[in-house]
Amino acid sequence: MARVRIKVASEAPGPRVERHVFGHFVEHLGRCLYDGLWVGEDSPVPNVRGWRRDAVEALREIGAPNLRWPGGCFADDYHWRDGVGPRAGRPRGVSAWWGAAEPNTVGTHEFLDLCAATGAEPYLCGNVGSGTVQEMRDWVEYLNAPAGASSLADLRAAHGRREPAGVRLWAVGNESWACGGNMRPEYYADLYRRFATFLRDFPDAPLWRVGCGPRDDDYSWTEVMMRACGRPLLGGQRLMQALALHYYCVPGDFPPSRSATRFGEEDWDELMARTARMEEFIAGHSAIMDRHDPERDVALAVDEWGAWHAPEPGTPPGHFYQQGTVRDAVMAGYTLNTFIRHASRVRLANLAQTANVVHALFLTEGPRLLRTPTWDVFALYRAHHDALALPVETDGAGEREWQGRRYPALSAAASRAADGAVTLTLCNLDYARPLAVSVECGALAVTGARGLRSAAPQDHNTFAAPDAVRARAVEVPVRSGTAWATELPPHSVTSLTFR
Ligand code: AHR
């Protein structure tokens with residue numbers, strides 16, 4: 001068995017691990033929003049103002065810090081005025097991207113209700129592709145202008161919310177290089193400057209404007225955006241607080257065609273090798289950003305990421321409904337560790353998507369909801385929220401590879417919370433082999449250990465057995481000299497607490 005030495009520099013706290021890195025994404029797509037989250041006030045499914053109670057609880061329990069809405073591709077086809085005011089009078093539409101009828105039952109006020117119920121901060125994505133500067137600046141004013149300050153503030157009050165909502169997080173379009181308008185970066189960069197200029201800061205709501213960023217390794221997009229929008233303007237005004245990055249791991253490449261649940265060791269290696277590229281892409285885009293913004297004022301917002309497999313047999317292909325196995329949970333832990341290690345640049349991220357679509361936290365079927373093993377990883381990582389990242393050295397784990405692409409057998413990240421507790425999250429990325437680890441964490445001692453373990457990486461929860469795979473308390477490492485020794489089973493995620 002490989003023996004790994006891990007050293008956590010508990011006395012060398014680094015940048016803050018923003019809780020927003022553990023964010024989620026709700027799009028009007030397939031059964032994510034309607035059904036997966038929204039059932040309506042009159043539904044027999046227990047709900048909080050129309051939002052299913054089991055979903056609200058699942059999001060509260062992991063401390064979901066933000067929810068990105070209404071898309072995705074849907075955002076650049078969405079007109080916010082269609083979703084406010086009495087529901088009976090709202091227009092019905094057809095989603096240009098996903099083809100579904102859009103009743104506009106859920107609009108801005110309903111979405112804010114979901115955020116209030118879950119404790120998540122709203123992260124709204126404005127329409128650049130088919131919308132106007134005026135439409136988006138009006139949405140900001142509608143939500144953030146002080147009560148009575150303008151006709152839009154009055155309209156908000158007439159729709160039931162007198163006080164401003166103070167929505168801070170705004171994305172200026174989505175994937176403007178594809179579904180958001182098939183734009184070239186130079187054109188989008190100029191559009192971004194125009195849009196961002198008119199998105200005003202209102203009292204108590206200084207905006208965090210997120211520019212559409214690249215996909216994967218499109219470094220030229222980042223270069224153009226940072227050159228055009230990454231520096232303060234004359235007078236010191238900053239137009240862009242973050243640049244987005246989208247990266248999905250798709251075994252076999254787009255369109256997703258490989259089963260989420262039936263896979264072997266080579267498929268596992270492929271997914272982990274693809275996940276390793278998140279590190280490469282963050283480092284590559286960060287290096288470009290560093291040249292234009294050495295102070296790291298502009299964040300990288302990985303506002304769509306996840307493992308994307310073929311839809312479950314018998315489900316509509318455009319709904320992107322897939323199961324979530326332990327493989328996806330390990331992939332999620334590995335990705336979150338990568339974000340933590342890049343905390344100085346990555347300050348927001350959104351797993352795609354919350355319910356029933358792509359890499360989901362939970363799946364629903366009528367009144368039933370099952371939490372995927374990925375949900376457990378977000379529960380295990382909650383201790384990292386707003387803690388200070390700590391340097392971690394690992395030695396001896398070795399590497400694995402798929403088609404010449406290497407990935408480490410172990411992924412590790414650590415942070416120190418305000419109360420001094422240190423959390424170390426460890427993913428054994430090996431399909432079949434355990435790792436013997438010994439951890440040094442200064443003079444601190446292990447006080448707790450939880451983990452996600454399963455007999456097989458294909459294991460997952462079903463509606464018949466919704467808790468087949470769950471994170472639980474695991475054997476606490478034993479002292480061995482100045483270190484703490486334990487064994488990490490293959491395909492596992494472990495969280496150790498030191499005090
Ligand atoms: O998450 C599904 C889709 O993937 C989103 O709508 C889009 O932004 C991305 O291409």
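The shown structure was predicted, so the numbers you read here are calculated from the model rather than taken from an experiment. Order of appearance sets the numbers: ligands from 1, and atoms from 1 within every ligand. Worth knowing before you read on, the calculation uses all heavy atoms, side chains too, and leaves out hydrogens, waters and symmetry mates.
For the pair Arg200 and Phe202, the distance from NZ or CZ to the six-membered ring centre is under 6.0 Å and the angle to the ring normal is within 45 degrees.
Using the six-membered ring where Trp is involved, Phe320 and Trp308 have ring planes that are perpendicular, over 60° apart on the 30 and 60° scheme. In this pair, Phe74 and His28 present their aromatic rings parallel. The plane angle is below 30°, not in the 30 to 60° band.
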Start with the C-alpha distance between Arg274 and Met331, add both sets of side-chain angles, then the distance that settles side chain to side chain contact (heavy atoms under 4.5 Å, CB included), and finish with yes or no. CA-CA 10 Å; Arg274 288 184 183 273; Met331 179 273 183; over 6 Å; no
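Side-chain atoms of Asp217 and Tyr247 form no donor-acceptor pair, as typed in the model, at a separation below 3.5 Å. With 3.5 Å as the limit, one finds no donor-acceptor pair spanning the side chains of Thr374 and Asp328.
For ligand 1, the protein residues within 4.0 angstrom (heavy atoms only) are Phe25, Glu27, Leu29, Gly72, Cys73, Trp98, Asn174, Glu175, Tyr248, Glu304, Trp308, Gln353.
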